[in-house]
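Worksheet for the structure shown next.
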Amino acid sequence: MGHSFTWASGASGLWITPGNWFDVTSGSQPTAAPTKGDSAVIIGPAAGAITITGPAEATELAIQGGMTLAGTFSISALTLGNPPFAPGT
């Protein structure tokens with residue numbers, strides 16, 4: 001497995017911008033965004049939503065909170081967290 005990343009921006013942004021991420025594996029600001037072989041976690045706000053714009057690629061993506069994904073995303077495993085998602089919401 002590659003590196004583990006968290007969304008550090010706290011606001012909407014482009015997936016490919018390294019400054020929007022924190023590399024948990026190295027404990028530092030990355031020089032590249034997550035890609036194939038990496039895992040990523042994005043926690044959006046409890047109220048409202050942020051928009052993450054692709055293109056994006058990762059082996060694993062976990063998202064929680066208010067979020068919109070826009071563009072092309074190539075993700076092998078997707079985990080959706082709280083709040084619980086229901087049809088029509």
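- Between A33 and D38, the shortest heavy-atom contact is O-OD2, 4.5 Å.
- I63 CD1 to T68 OG1: the interatomic distance, rounded to the nearest 0.5 Å, is 9.5 Å.
- Of all non-hydrogen atoms in I50 and G44, the two that sit nearest each other are CD1-CA, 4.2 Å.
- Across all their heavy atoms, A70 and T51 have their closest contact at CB-CG2, 4.1 Å.
- When every heavy atom of P34 is checked against every heavy atom of A40, the shortest pair comes out as CG-CB, 4.2 Å.
- L61 pairs in a side-chain contact (heavy atoms from CB on, under 4.5 Å) with only one of the listed residues (I42, T79, L80), which is I42.
- Expressed to the nearest 0.5 Å, how far CD of E60 lies from CD1 of I75 amounts to 10.0 Å.
- Listed by first and then second residue, the side chain to side chain donor-acceptor pair (under 3.5 Å) pairs involving residues 1-12 are H3-D23, S4-S39 (not counting sequence neighbours).
- Taking all atoms of both residues into account, the shortest heavy-atom contact from M67 to A49 is N-CB, 3.8 Å.
- Between Q29 and W21, the closest heavy-atom pair is NE2-O, 3.1 Å.
- Under the 4.5 Å side-chain heavy-atom criterion for grouping Ile, Leu, Val, Met, Phe, Trp and Tyr, I43 is not connected to L78 through any hydrophobic cluster.
- Here ring pair (Phe, Tyr, Trp, His ring centres under 6.0 Å) pairs that include residues 49-78, with residues two or more places apart or in two chains, are W15-F73.
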